[in-house]
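Reading through the structure tokens given below for one structure.
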Amino acid sequence: MAELAFFSGTMDCGKSTLALQIQHNRSARGLLGMIFTRDDRAGAGRISSRLGLVAEATETDEDFDFHAHLVRHLTAGGRVDYVIADEAQFLSPTQVDQLARVVDDLGIDVYAFGITTDFRTRLFPGSQRLIELADRVEVLQVEALCWCGARATHNARTVGGRMVVEGAQVVVGDVATGPDGARGEVGYEVLCRRHHRRRLTAATAGAGQLSPEVLPTEGVPRQQR
């Protein structure tokens, strides 16, 4: 039986890496797949992993009809054994319904990969619909880490290294490469819930800048230690 599977997690937890691994494993067994993406960091028509893996993909937008696209391809004599939809959080609920029809009507496996919540901790509409419809929802087990070392559970949008909580839900950016970031540029950072609530990014918390000085203990009365 074909299935609609949704693989979710925070940024930087290996979603695109897993998508490319699935593509590699199935193509090695002679299966033919279609890869769809939207607003990938590598540019239009590409799916990329932060590990450096890149593959060609079909770029989609808000008007793209997955079911109609697959029907046209199959009617023209094409073959599709599975579908990969990366950056699935950007899909509309209607497009997720189309993916479900691809599974149910065409008997094709669909593997969707996406972030569950936005920088305000609100569900993306596409991710919400996938949770509602998917035969299988899996949270990726490769844990992204907050700057404090705890498991990162929330995505934060930053401007100049400082967390912001207002603005459009979708603004294309990437995980910051340094703790201070570039002033005025949009970046993203993964945080644990505690530091997301406190709006403490690596830059604003001064993470990694521990003092080399050691507090003296010699000569201090025992009751003061």
Side-chain angles (χ1 to χ4, degrees), residues 1-9 11-116 123-142 169-170 172-174:
M1 295 290 292
E3 68 169 353
L4 172 59
F6 179 39
F7 299 87
S8 67
M11 295 177 295
D12 218 18
C13 72
K15 296 181 299 300
S16 296
T17 301
L18 179 58
L20 290 167
Q21 183 68 54
I22 287 177
Q23 186 271 339
H24 170 77
N25 290 351
R26 279 154 180 71
S27 63
R29 295 294 180 267
L31 300 177
L32 298 179
M34 275 194 176
I35 304 177
F36 301 96
T37 190
R38 180 175 173 183
D39 295 332
D40 188 272
R41 70 183 73 86
R46 309 188 82 187
I47 174 175
S48 65
S49 163
R50 291 189 178 87
L51 296 182
L53 305 173
V54 180
E56 298 299 317
T58 299
E59 185 75 12
T60 65
D61 57 24
E62 61 274 9
D63 297 321
F64 189 85
D65 189 320
F66 290 91
H67 185 268
H69 183 85
L70 267 295
V71 168
R72 285 194 299 269
H73 181 78
L74 295 172
T75 302
R79 172 185 163 192
V80 180
D81 297 308
Y82 64 93
V83 166
I84 290 175
D86 198 30
E87 306 294 354
Q89 70 273 8
F90 296 144
L91 301 179
S92 68
T94 298
Q95 288 174 317
V96 174
D97 289 345
Q98 294 164 6
L99 291 176
R101 288 187 62 199
V102 168
V103 174
D104 297 339
D105 298 349
L106 305 181
I108 297 173
D109 287 315
V110 173
Y111 306 102
F113 299 80
I115 298 168
T116 310
L123 284 168
F124 282 99
S127 299
Q128 178 178 337
R129 191 60 176 151
L130 278 163
I131 292 170
E132 293 166 348
L133 290 184
D135 300 296
R136 177 162 57 102
V137 177
E138 293 194 15
V139 178
L140 297 191
Q141 297 304 307
V142 178
Q169 185 176 51
V170 178
V172 178
D174 202 355

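When a residue number appears, it is its place in the shown sequence, counting from 1. Predicted model, so just to flag it, every value in this text is computed and none were measured.
Looking at every heavy atom in both residues, Ala100 comes nearest to Leu133 through CB-CD1, 4.2 Å. Closest approach of Val96 to Gly126, counting heavy atoms only: CG2-O, 3.6 Å. Nearest heavy-atom pair, Asp61 versus Gln95, reported as atom, atom and distance to 0.1 Å: O-NE2, 2.9 Å. The heavy-atom pair separating Gly78 from Leu74 by the smallest distance is O-CD2, 3.5 Å.
Here the NE2 atom belonging to His73 is positioned 9.5 Å from the OG1 atom belonging to Thr58, to the nearest 0.5 angstrom. The CZ atom of Phe113 sits 11.5 Å away from atom OG1 of Thr37, with the distance rounded to the nearest 0.5 Å. Annotation: the span from His24 atom NE2 to Arg29 atom CZ amounts to 8.5 Å, rounded to 0.5 Å. Interatomic distance, OG of Ser8 versus CG of Leu130, reported as 9.5 Å (0.5 Å rounding). Note that OH of Tyr111 is 12.5 Å distant from CD of Gln23, once rounded to the nearest 0.5 Å.
Annotation: side chain of Asp65 is in contact with side chain of Gln98 (closest heavy-atom distance under 4.5 Å). Between Asp86 and Leu20, every side-chain heavy-atom pair lies at or beyond the 4.5 Å cut-off. Side-chain atoms of Val80 and Val102, non-hydrogen and from C-beta on, never get closer than 4.5 Å to each other. Between Met34 and Ile84 the shortest side-chain heavy-atom distance does not fall below 4.5 Å. In this structure, the side chains of Phe90 and Glu62 stay at 4.5 Å or more apart for every pair of heavy atoms. Proximity of Leu99 to Val103: side-chain heavy atoms (C-beta onward) are nowhere separated by under 4.5 Å.
Shown here are the salt bridge (Lys or Arg N to Asp or Glu O under 4.0 Å) partners of Asp105, two or more places apart in sequence or in another chain: Arg101. With sequence neighbours left out, the side-chain contact (heavy atoms from CB on, under 4.5 Å) criterion links Thr60 to Phe36, Arg38, Phe64, Phe66. Scored by the ring pair (Phe, Tyr, Trp, His ring centres under 6.0 Å) test, Phe6 finds no partners at all (sequence neighbours excluded). Residues passing the side-chain contact (heavy atoms from CB on, under 4.5 Å) test with Leu31, sequence neighbours excluded: Arg26, Arg79, Asp81, Tyr82. In this structure Asp135 satisfies the salt bridge (Lys or Arg N to Asp or Glu O under 4.0 Å) test with no other residue, sequence neighbours excluded. Under the side chain to side chain donor-acceptor pair (under 3.5 Å) criterion, Asn25 pairs with Gln21, not counting sequence neighbours. Residues passing the side chain to side chain donor-acceptor pair (under 3.5 Å) test with Glu132, sequence neighbours excluded: Gln128, Arg129.
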